[in-house]
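Only one structure is covered here, and it is reproduced in the block below.
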Amino acid sequence: MVPKVNLAPSPVALAFPHIQWDPLGSLRLTAQESALLRMAETNPIEYTLADSRDASMYARVLLKLLAEAVAAGAGTGEVSRVTEACSEEQALDALDHDPLGVATHYAITKLYDILNMLISGTGVTISSVFYVGKEGILVDQWKALLRMLNKSAKGDVWAQSGASLCLELILLTAFPSLKNANFTKDEKGQTVKRIARPTSYASAVEPLEALTAWIVSQLKMSSSSSCVGYSVAVAIPAMTALMNCTESRLLFAASGGIKFLARHLRLGGKRQALQKDKNKKTSTTGPGAASASVQQLYELTFCLWCMTYELNGSASVRHDFSKDGQAVAALVDLVSIAPREKVMRVALAALRNLAVCTFKENPGPASMPTIDGHTFLTEMLACGLLKAIDHIKERQCTDPDMLLDIQVLHKLLLENYKEMSRWEVYKNEVESGHLMWGNVHTEAFFKENAKMLEGKDSDFSLLKILISLCVSKDDDVAAIACYDIGEFVRHYPNGRVIAKRLGAKEVVMPLIEHENVEVQRQALQCVSKLMVQHWQFVKTQ
């Protein structure tokens, strides 16, 4: 399912041929280990990896090199602050000032090359190099890669990204669900089965849990702070590789990954929409940072799509996807703003999987609410997916996969919509926070349904949500919330007193000076309805 994950070249790669190992005493390399590194530089990598003993020795020297460099302080020096590819002169300067940083990049680059060669080769395998003994226990040296990740948040971004990806590729070979995937192509292009050493999944569980926790922590940081681009970018290669099999996807979900991934996508979608509006106003369409952020959105959406393949088999995954409605809202936002066709394609595929999922395979414990495709379709309607799909259909999409997803979603959404009353449509819309002008935001609707805002427990929970939505960063949502509160005040007995008691006046009043004209207008009318007892006479005059 998941394509090969590439690691960008090290920014100081041009310095690698100039590394002198003997003077680097802090790495504590033996004469034999230094000689092995030099020999590997002079021979093709295929030659070094042709024999499993040579390959194992080379890999362990690289892991030792990384461990010693990190222990000596690598990862926080000058090289850690280099983000763009260096010229040879700049790379040599970095080698002079931060040799351990360059050595760290060298070790990770070579480990990544080894892993890629072993994945695509026909002889020596990852399991025969990184797992030992009859039971196939993971070598202890893997901890060097984890130490690189545990550097501070201001550590070496490239090194952390590379170390996390290498560790994930090493662990993947032990996963039971991938045991039957050990096939490759021979020189004639024929599919052949590779004989691999047995591997112990139990020995890979601890590092997998540590790596997953690190990935989720990067998502958590990026979705709750201003350094959004940095911390999530460092984790994307490993997270994408993590999506390769059921075991790692379930562990990612259990670690809270779905929530933070959806939250980050939601923030990214909003930023993309703002950038799109800005480009329209300034008539600019250049690539630059926008293209980079679109690529990041695509990679994150791809990961969320992969997670939807666990919906049928896991009640907790279904629950995580429905929690706070963040996942559906994020995907619908991406379909609506359409940053690029590839992002839209993956978002639609994920939404389709959500729409058709079922609880029959794994209903979950009786205490957990039943969640299936109907639940997610209701959320999609509240977020305005039906309208977004109608817009896509007008654009005459030609991609066959997208067309099929659109047809399936459109049919299911219409069927679900017909089963819902106007009040249910309104309730779901308010609870989702996605307010859009339509026939549920009219005088006629509130004349008929104002009393429904009481709620089953007479706690006016929907009215409280409307009051909170008045300060939404989305101007349309804020304007509609002001309108709805004003209409509730008009049509509910003693509505003015209730709305004031819940703090509506204090929230809406400052919006009279809002920079958006429509928000100003709706806020002014709402405050007037809150202040004037017989609003209908004012309206007539």
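Quick note: residue numbers are just sequence positions, from 1.
- How far CG of L334 is from CG of L265: 5.5 Å, rounded to the nearest 0.5 Å.
- Not a single donor-acceptor pair under 3.5 Å links the side chain of S458 to the backbone N or O of E454.
- In terms of the salt bridge (Lys or Arg N to Asp or Glu O under 4.0 Å) criterion, D476 has no residue partners (sequence neighbours excluded).
- Between M380 and L412 there is no side-chain heavy-atom pair separated by less than 4.5 Å.
- Annotation: side chain of P11 is in contact with side chain of W158 (closest heavy-atom distance under 4.5 Å).
- Between A347 and V335 the shortest heavy-atom distance is CB-CG2, 3.9 Å.
- The CG atom of L145 sits 7.0 Å away from atom CD1 of I108, with the distance rounded to the nearest 0.5 Å.
- A distance-only check finds a donor-acceptor pair linking the side chain of Y112 to the backbone of L7 [under 3.5 Å].
- Proximity of a side-chain donor or acceptor of W305 to a complementary backbone N or O of L300 within less than 3.5 Å is not detected.
- Looking at every heavy atom in both residues, R263 comes nearest to Q326 through CA-OE1, 4.3 Å.
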Apply side chain to side chain contact (heavy atoms under 4.5 Å, CB included) to residues I236 and Q296 and explain how you reach the verdict. CA-CA 8 Å; I236 284 177; Q296 195 175 97; 3.4 Å; yes

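- By the 4.5 Å heavy-atom criterion applied to side chains, L404 and R352 are counted as neighbours.
- In this structure, R490 and E443 have side chains that are in contact, with non-hydrogen atoms separated by less than 4.5 Å.
- In summary, D320 and K323 engage in a salt bridge, as defined by a charged side-chain N under 4.0 Å from a carboxylate O.
- Of the N and O atoms on the side chains of Q295 and K342, at least one donor lies less than 3.5 Å from an acceptor on the other residue.
- Ring centroid separation for the pair Y426 and F445 comes in under the 6.0 Å cut-off.
- When side chains are defined from C-beta on, D372 does not count as touching L311, because their heavy atoms never get closer than 4.5 Å.
- Side chains of W423 and L453 form a contact here, defined as non-hydrogen atoms less than 4.5 Å apart.
- Counting heavy-atom neighbours within 6.0 Å of E415 CD, excluding the residue itself, gives a total above 12.
- Around NZ of K411, the count of heavy atoms belonging to other residues, nucleotides or ligands within 6.0 Å does not exceed 12.
- Checked by atom type, the side-chain pair H491/N449 shows no donor-acceptor distance below 3.5 Å.
- V332 and G384 make their closest contact through CG1-C, 4.3 Å (heavy atoms, listed as atom of the first residue, atom of the second, distance).
- A donor-acceptor pair under 3.5 Å links the side-chain atoms of S248 to the main chain of C245, judged by distance alone.
- Residues A478 and V519 come closest through the heavy atom pair CB-CG2, 4.4 Å.
- With rounding to the nearest 0.5 angstrom, the CE atom of M436 is 7.0 Å from the OG atom of S432.
- In this model, no donor atom of one side chain and acceptor atom of the other lie less than 3.5 Å apart for H434 and D474.
- Ion pairing between a basic and an acidic side chain is recognised when a charged N comes within 4.0 Å of a carboxylate O; R345 and D399 show such pairing.
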Take C166 and L115, measure what side chain to side chain contact (heavy atoms under 4.5 Å, CB included) needs, and give me the verdict at the end. CA-CA 7 Å; C166 288; L115 290 164; 3.8 Å; yes

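- Just one of V328, L381, L331 meets the side chain to side chain contact (heavy atoms under 4.5 Å, CB included) condition when paired with F376; it is V328.
- A salt bridge links E518 with R521: the closest approach of a Lys/Arg side-chain nitrogen to an acidic carboxylate oxygen falls below 4.0 angstrom.
- Of the possible polar contacts, none joining the H264 side chain to the V232 backbone as a donor-acceptor pair under 3.5 Å is found.
- Counting only residues at least two apart or in different chains, side-chain hydrogen bond (donor to acceptor under 3.5 Å, both in side chains) contacts with residues 499-516 comprise D475-N516.
- In this structure, M148 and L167 have side chains that are not in contact, with every pair of non-hydrogen atoms separated by 4.5 Å or more.
- Two residues are said to be in side-chain contact when any heavy atoms from C-beta on lie closer than 4.5 Å; L242 and R249 fail this criterion.
- Note on E487 versus K447: no salt bridge recorded, every NZ/NE/NH1/NH2 to OD/OE distance being 4.0 Å or above.
- In this structure, the side-chain contact (heavy atoms from CB on, under 4.5 Å) partners of N494, at least two apart in sequence or on a different chain, are V497.
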As a quick check of understanding, evaluate ring-ring contact (aromatic ring centres under 6.0 Å, His included) for F488 and F446, giving each step before the final call. CA-CA 7 Å; F488 166 80; F446 278 93; 8.1 Å; no

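- Look at R318 and E310 and you find no salt bridge, because none of the NZ, NE, NH1 or NH2 atoms lies under 4.0 Å from a carboxylate O.
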Check the pair D156, S80 against side chain to side chain donor-acceptor pair (under 3.5 Å), reporting the backbone distance first and the verdict last. CA-CA 4 Å; D156 190 323; S80 69; 5.4 Å; no

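- Here the side chain of N244 pairs a donor or acceptor atom with the backbone of A241 at under 3.5 angstrom.
- Side chain of R496 to main chain of V489: no donor-acceptor pair is present (N/O by atom type, distance under 3.5 Å, no hydrogens or angles).
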Test ring-ring contact (aromatic ring centres under 6.0 Å, His included) on Y492 and F460 and set out the steps. CA-CA 12 Å; Y492 186 85; F460 294 94; 5.6 Å; yes

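- The main-chain N or O of V157 is never found under 3.5 Å from a side-chain atom of S161 such that the two would form a donor-acceptor pair.
- Using modelled atom types, no side-chain atom of K259 and backbone atom of F321 make a donor-acceptor pair closer than 3.5 Å.
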Taking it one step at a time, do W214 and V234 satisfy side chain to side chain contact (heavy atoms under 4.5 Å, CB included)? CA-CA 11 Å; W214 176 80; V234 73; 4.1 Å; yes

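- One distance of note links CG of L208 with CD1 of I170; it measures 12.5 Å at 0.5 Å rounding.
- Judged by distance alone, the side chains of E247 and S177 do bring a donor and an acceptor atom under 3.5 Å apart.
- Rounding to the nearest 0.5 Å places OG of S255 at 8.0 Å from CD of E209.
- Here the SG-CD1 distance, from C470 to I480, works out to 11.0 Å after rounding to the nearest 0.5 Å.
- Pairing each heavy atom of G257 with each of L219, the nearest pair is O-CD1, 4.2 Å.
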Should Q525 and C482 be marked as a side chain to side chain contact (heavy atoms under 4.5 Å, CB included) after you check the CA-CA gap, both sets of side-chain angles, and the distance that decides it? CA-CA 8 Å; Q525 289 192 4; C482 288; over 6 Å; no

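- When every heavy atom of C303 is checked against every heavy atom of M243, the shortest pair comes out as O-SD, 3.7 Å.
- The main-chain N or O of G313 is found under 3.5 Å from a side-chain atom of N362 such that the two form a donor-acceptor pair.
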